[in-house]
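Please read the structure below before turning to the comments.
Below, chain A is the first sequence line, B the second, and so on; all start at residue 1.
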Amino acid sequence: MNGKQITKLGFEKKAIGLAVAAAAVREGAGLERGAVLDELRAVQADPAAYLAGGVYAALAAELSAQHAVNESKKGAALLGAPLPYGVWGADLIEPGARAQMDVAMRLPVTRAGALMPDAHVGYGLPIGGVLATENAVIPYGVGVDIGCSMRLSVFPIQPDALKLEEARTLLLKHTRFGAGVAFEKRERDDHAVLHEGTWEDQPLLGHLFEKAAAQIGSSGSGNHFAEFGTLSLAQPDLGLDAGNYLALLSHSGSRGFGAQVAGHFTALAERLHPHLDPAARKLAWLSLDSEEGQAYWQAMNLAGRYALANHELIHARLARALGVDVLASVHNSHNLAWKQQVNGQELIVHRKGATPAASGQLGLIPGSMADPGFVVRGRGHADALASASHGAGRQLGRKAAASTLVKKEVAAYLKGRGVTLIGGGIDEAPQAYKRIEDVISRQSDLVDVVARFTPKVVRMDSGSQDI
DNA sequence: ATGTCC
């Protein structure tokens, strides 16, 4: 028996030599060439049946390995062209974000998608990207800050009744900002989310519990904020009369806990997809049929509840300090994946910096530290997968903002709008963001504006370069 | 986004 006959049977690479060697043994034992070829065909047809032992075991193992690689490559191949997807505010979106969305729309697990008008480049899926997949979840389709969210509390207080100095003092006393920060031990609050049994369901969660318990109620860094301002209702809504109210708006996420969950599972997804096209490496997914996919789903949802708990504590502390009950509140997550019916099929809808906007659903879309934010009500637009933007969106990256913006101009912008800033890096300057009015105007078919929030006293992380 | 390795 020679290599040519073996190759003709369809054996490849290392399997050729192993098949030749096994055939020589069988011919040596007196078998006719035709019978040996039949045996080789049988091994090829069902390698698993020959793995246990015998002359064909090594060949069967190699064939099984080759089969697994081929299946993996087949399952990881990108579509030749992106599936079509809706884009809102295309004139506001940089080409890089479109290119990232195009790659996401070529994943074999993708079924639908949309790009919101605040879109800009991120890791894997662009910020402002909405992606619907079938039976698969993409850790970087959710993002690093799992469960990043917004909360608004409206108080029974006239906006001018809270003096500037008192607002500053309250924010400094009751919020904590910065990477790695936590409340001092005696200041630490408790929350029901810390008493869930979920923490004991995975070693990773158990390991991260102490960090989560230490950081609960804190706000983090980057674009996270807590701010007092004026909520203006032109018409009665949210259970409130029309008018102006003192309100608190916060943007916070799942802190170190969520970041570690995201890092762990995206690395795991990448390892499980070694044959994924390098262009889509950061979009590696986990099947919801797999143990890993179920573990991510559980951890992601816990991080989502934890992030909302952070907001609840921030708002509870400040409401208590003000000595009032909250009149009305709105909250929404904008970095998360949800099970959602899309064209009659249950899909996994990832929103990475996108506000859920089902028909009638309330949401919050902030502008910047010195620009208005909006309470919106979703219109449930099917092509947008019932979503809207999560903010104004960056028009300058962090580095570009730090190198091009001038402190003096940022200070003038704040002064012109009567905004007092505590902390705040220059990379978060209003000039680093798109104009919120433009972004809102591009999505009038996705949401209706319910109310306007005008920031007055804003606290953010100091970052490396204060304004 | 996060003390940049779970």
Euclidean distance, atom [atom1] of residue [X] to atom [atom2] of [N] [Å, nearest integer]:
X: His224(A); N: dG3(B); atom1: NE2; atom2: P; answer: 12 Å
X: Glu270(A); N: dC5(B); atom1: CD; atom2: C1'; answer: 14 Å
X: Asp145(A); N: dG3(B); atom1: CG; atom2: C1'; answer: 15 Å
X: Tyr123(A); N: dT2(B); atom1: OH; atom2: P; answer: 14 Å
X: Phe177(A); N: dG3(B); atom1: CZ; atom2: C1'; answer: 17 Å

Quiz item: Is there any ring-ring contact (aromatic ring centres under 6.0 Å, His included) pair reaching into residues 64-116 of chain A, and which pairs are they, with sequence neighbours excluded?
Solution: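 Pairs touching residues 64-116 of chain A that pass the test: Trp88(A)-His381(A).
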Practice problem: Check side-chain hydrogen bond (donor to acceptor under 3.5 Å, both in side chains) between Asp438(A) and all other residues, then give those that pass, not counting sequence neighbours. | Solution: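 Scan of Asp438(A) (side-chain hydrogen bond (donor to acceptor under 3.5 Å, both in side chains), adjacent residues dropped) gives none.
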Self-check item: Residues in side-chain hydrogen bond (donor to acceptor under 3.5 Å, both in side chains) contact with His224(A), at least two apart in sequence or another chain
Solution: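 For His224(A) the side-chain hydrogen bond (donor to acceptor under 3.5 Å, both in side chains) partners, ignoring immediate neighbours, are Asp145(A).
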Practice problem: Check side-chain contact (heavy atoms from CB on, under 4.5 Å) between Tyr413(A) and all other residues, then give those that pass, not counting sequence neighbours. | Solution: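 If we apply the side-chain contact (heavy atoms from CB on, under 4.5 Å) test to Tyr413(A), skipping adjacent residues, the hits are Ala370(A), Asp371(A), Arg417(A), Pro430(A), Gln431(A), Arg435(A).
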Self-check item: Contacts of Arg186(A) that satisfy side-chain contact (heavy atoms from CB on, under 4.5 Å) - sequence neighbours left out
Solution: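 For Arg186(A), no residue satisfies side-chain contact (heavy atoms from CB on, under 4.5 Å) once neighbours in sequence are set aside.
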Practice problem: Return the residues of residues 255-263 of chain A meeting this criterion: a heavy atom under 4.0 Å from some atom of DNA chain B. Order them by number, or give none. | Solution: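 Output list: Arg255(A), Gly256(A), Ala259(A), Gln260(A).
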Quiz item: Going by number, which of residues 196-215 of chain A have a non-hydrogen atom under 4.0 Å from DNA chain B?
Solution: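 When residues 196-215 of chain A is checked for heavy atoms under 4.0 Å from DNA chain B, the hits, listed by number, are His207(A), Lys211(A), Gln215(A).
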Practice problem: Could you check whether Ser254(A) gets within reach of a base, just the sugar-phosphate, or nothing at all, counting any heavy atom under 4.0 Å? | Solution: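 Contact class for Ser254(A): none.
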Quiz item: Would you find a donor on one side and an acceptor on the other, under 3.5 Å apart, between the side chain of Trp285(A) and the backbone of Asn135(A)?
Solution: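 A pair under 3.5 Å: no.
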Quiz item: Does any pair with a residue in residues 441-452 of chain A pass salt bridge (Lys or Arg N to Asp or Glu O under 4.0 Å), and if so which ones, sequence neighbours excluded?
Solution: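 Residue pairs with at least one partner in residues 441-452 of chain A: Asp91(A)-Arg442(A), Arg379(A)-Asp448(A).
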Quiz item: Which side-chain hydrogen bond (donor to acceptor under 3.5 Å, both in side chains) pairs, counting each pair once, include a residue from residues 108-121 of chain A, with sequence neighbours left out?
Solution: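 For residues 108-121 of chain A: Arg111(A)-Glu134(A), Asp118(A)-His390(A).
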